[in-house]
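In what follows, a structure is listed as structure tokens, so that the remarks can point back to it.
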Amino acid sequence: MLPKVLPMTRRRRVFEGKAKVLYEGPEPGTLVQYFKDDASSRDNRKNGTIEGKGVINNRISEYLMLKLGEMGVPTHFVRRLNMREQLVREVDIIPIEVVMRNVAAASFARRFGIAEGTPLPRSIVEFRHNSDELDKPLVTDEHITAFGWASPQELDEIMMLTVRINDYLSGLFFGIGLRLIDLKVEFGRLWEGDDMRIVLADEISPDTCRLWDVKTSEKLDKDRFRQDLGKVAEAYQEVARRLGILPEGVILDVVEKKE
Ligand code: TMP
């Protein structure tokens, strides 16, 4: 059995991102992923806090990672530890955000002059390098393989997994009255002795997916925060409620920091 998780202050912080912190795990090869309430837009124009978001995203991501694991997608997820933390396998992160789009939205709709909400002729994959300093630039498979961020074989595996994740989650969300407009996933290399597997890492939550109500097209994701649509907290709660995993007594509210 794994030893009890040490109090946060006594753990070594490995990495701090905008929405999560990674701490050294209780065993070699593990990390503790802590979900913060902080929210920001990609361009950092907007920064704020959605109270309780970390708790909800921890639960949503746990639920979706377990479901994906059950249908054969390898993930870094081990188990949820508490309200805000989950134990994950330490992986060598591939520095690419993989975005799969089913319906035109936001920057993609603007880039191609397509009305938001237009279904795409087929699902389209895009890659971004995950560097915040460079504003996560769009890159192609040529950049990824030429710069050695992933090998052609790894990229094939990533594409195959992303298609399966998108297909499975599209169906899962449709079953609870939500359209999966697009999603962003990240992968890592998991080493077991000399063997290496590509596994799904990071998180899947309304921070990293676009989810619209099937009937009303109401946005139930982080675009409510990015686009100042209001009822941000309610949207996260509604997704968790529909998935049947809303933690008891969690009340969310948006508090935007003054810049
Ligand atoms: P985009 O249309 O803004 O490029 O977003 C594509 C996907 O990436 C969408 O499903 C939401 C996710 N995403 C993030 O994970 N982080 C971000 O900062 C942004 C803007 C989007």
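Just so it is clear, the model here is predicted, and its values are computed rather than measured. Residue numbers count from 1 along this sequence.
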Between Arg189 and Glu154, does a salt bridge (Lys or Arg N to Asp or Glu O under 4.0 Å) hold up when you go through it step by step?
-> CA-CA 9 Å; Arg189 298 181 188 93; Glu154 288 172 334; 2.6 Å; yes

Side chain Ser41, main chain Lys46, donor-acceptor under 3.5 Å | yes

Could you tell me whether a side-chain N or O of Arg11 sits under 3.5 Å from a main-chain N or O of Glu24, the two making a donor and an acceptor?
-> no

Take Arg80 and Val78 through the side-chain contact (heavy atoms from CB on, under 4.5 Å) test and state the conclusion after the steps.
-> CA-CA 7 Å; Arg80 189 165 59 83; Val78 180; over 6 Å; no

Check whether any side-chain heavy atom of Leu161 lies under 4.5 Å from a side-chain heavy atom of Pro74, and answer yes or no.
-> yes

Looking only at atom types and distance, does a side-chain atom of Asn102 sit under 3.5 Å from a main-chain N or O of Ser123, one as donor and one as acceptor?
-> no

Heavy atoms of Ile50 and Ala233 approach each other most closely as CG2-CA, 4.4 Å

Are Ile204 and Phe173 linked, directly or through other ILVMFWY residues, by side chains that come within less than 4.5 angstrom of each other?
-> yes

Do Thr118 and Val103 come within less than 4.5 Å of each other through their side chains, counting heavy atoms only?
-> no

With Asp132 via side chain to side chain contact (heavy atoms under 4.5 Å, CB included) - residues at least two apart = Lys18, Lys136

Please confirm whether the backbone N or O of Pro137 pairs with a side-chain atom of Asp135, one donor and one acceptor, at under 3.5 Å?
-> no

For the residue pair Gln33 and Asp202, what are the closest heavy atoms and their distance?
-> NE2-O, 3.2 Å

Might you work through the salt bridge (Lys or Arg N to Asp or Glu O under 4.0 Å) test for Lys219 and Glu116, ending with a clear yes or no?
-> CA-CA 12 Å; Lys219 294 178 179 178; Glu116 193 171 67; 2.8 Å; yes

Decide side-chain contact (heavy atoms from CB on, under 4.5 Å) for Leu220 and Arg242; before the verdict, give the C-alpha distance in whole Å, the side-chain angles of both, and the deciding distance to 0.1 Å.
-> CA-CA 11 Å; Leu220 292 170; Arg242 291 195 195 188; 4.0 Å; yes

With under 30° as parallel and over 60° as perpendicular, where do the rings of Phe108 and Phe112 fit, or are they tilted in between?
-> tilted

Rounded distance [0.5 Å steps], CZ in Arg59 versus CG in Asn57 = 12.5 Å

To the nearest 0.5 Å, how far apart are CG in Leu155 and CZ in Phe187?
-> 10.0 Å

Look at the aromatic rings of Trp149 and His129 and report parallel, tilted or perpendicular, splitting at 30° and 60°.
-> tilted

Arg111 atom CZ, over 12 foreign heavy atoms within 6.0 Å | yes

Minimum heavy-atom distance Ala105-Trp212, with the two atoms named | CB-CZ2, 4.2 Å

Determine whether Val98 and Val125 make a side-chain contact, defined as any pair of heavy atoms from C-beta on separated by less than 4.5 Å.
-> yes

Should Asp223 and Arg226 be marked as a salt bridge (Lys or Arg N to Asp or Glu O under 4.0 Å) after you check the CA-CA gap, both sets of side-chain angles, and the distance that decides it?
-> CA-CA 5 Å; Asp223 272 356; Arg226 297 186 191 104; 2.6 Å; yes

Any idea which heavy atoms bring Arg128 and Ser107 closest together, and the distance?
-> NH2-OG, 4.1 Å

Is it true that a side-chain atom of Lys222 and a backbone atom of Ser40 form a donor plus acceptor pair closer than 3.5 Å?
-> yes

Side chain Asn58, main chain Met83, donor-acceptor under 3.5 Å | yes

Between Phe35 and Gln86, does a side-chain contact (heavy atoms from CB on, under 4.5 Å) hold up when you go through it step by step?
-> CA-CA 9 Å; Phe35 288 74; Gln86 48 184 243; 3.5 Å; yes

With side chains defined as the heavy atoms from C-beta onward, is the minimum distance between Met196 and Ile198 less than 4.5 Å?
-> yes

Heavy-atom distance under 4.5 Å between the side chains of Lys53 and Asp207, does that happen here?
-> yes

How about Leu200 and Thr162: do any of their side-chain heavy atoms sit closer than 4.5 Å?
-> no

Counting heavy atoms not belonging to Arg210, are there more than 12 under 6.0 Å from its CZ?
-> yes

Quick one: does Asp37's side chain have a donor or acceptor within less than 3.5 Å of a partner on Thr49's backbone?
-> no

Decide whether Leu138 and Leu120 are clustered together by the hydrophobic rule: side chain heavy atoms of Ile, Leu, Val, Met, Phe, Trp, Tyr closer than 4.5 Å, transitively.
-> no

Tell me whether Ile158 is reachable from Met160 by hopping between hydrophobic residues (I, L, V, M, F, W, Y) whose side-chain heavy atoms are closer than 4.5 Å.
-> no

Do Phe77 and Val14 sit in the same hydrophobic cluster, where Ile, Leu, Val, Met, Phe, Trp and Tyr count as joined when their side-chain heavy atoms come under 4.5 Å apart?
-> no

Establish whether Met100 and Val199 are linked, either directly or via other cluster members, by ILVMFWY side-chain heavy-atom contacts under 4.5 Å.
-> no

Verify, without hydrogens or angle tests, whether Arg224 (side chain) and Gly230 (backbone) share a donor-acceptor contact under 3.5 angstrom.
-> yes

Interatomic spacing from CG in Asn130 to CD1 in Ile94 - rounded to 0.5 Å = 10.5 Å

Rounded to the nearest 0.5 Å, the CD atom of Glu90 sits from the CG atom of Leu31 at a distance of 4.5 Å

Shortest non-hydrogen separation from Pro152 to Thr145 and the atoms involved | N-CG2, 3.8 Å

Flag yes if more than 12 heavy atoms outside Glu142 fall under 6.0 Å of its CD atom; otherwise flag no.
-> no

Roughly how far, to the nearest 0.5 Å, is CG of Leu87 from NE2 of His76?
-> 10.0 Å

side-chain contact (heavy atoms from CB on, under 4.5 Å) evaluation trace for Ile60 with Ile245 = CA-CA 7 Å; Ile60 293 178; Ile245 53 172; 3.9 Å; yes

Got a donor-acceptor contact below 3.5 angstrom from the Thr30 side chain to the Glu27 backbone?
-> yes

Atom pair CG (Leu178) and CD (Glu218), whose distance is rounded to the nearest 0.5 Å = 10.0 Å

Determine whether Val32 and Leu22 make a side-chain contact, defined as any pair of heavy atoms from C-beta on separated by less than 4.5 Å.
-> no

Donor-acceptor pair, Lys36 side chain versus Gly17 backbone, under 3.5 Å?
-> yes

Taking all non-hydrogen atoms of both residues into account, name the closest pair between Glu203 and Ser61 and its distance.
-> CA-OG, 3.3 Å

Would you mind reporting whether Leu243 and Ile176 have side-chain heavy atoms less than 4.5 Å apart?
-> yes

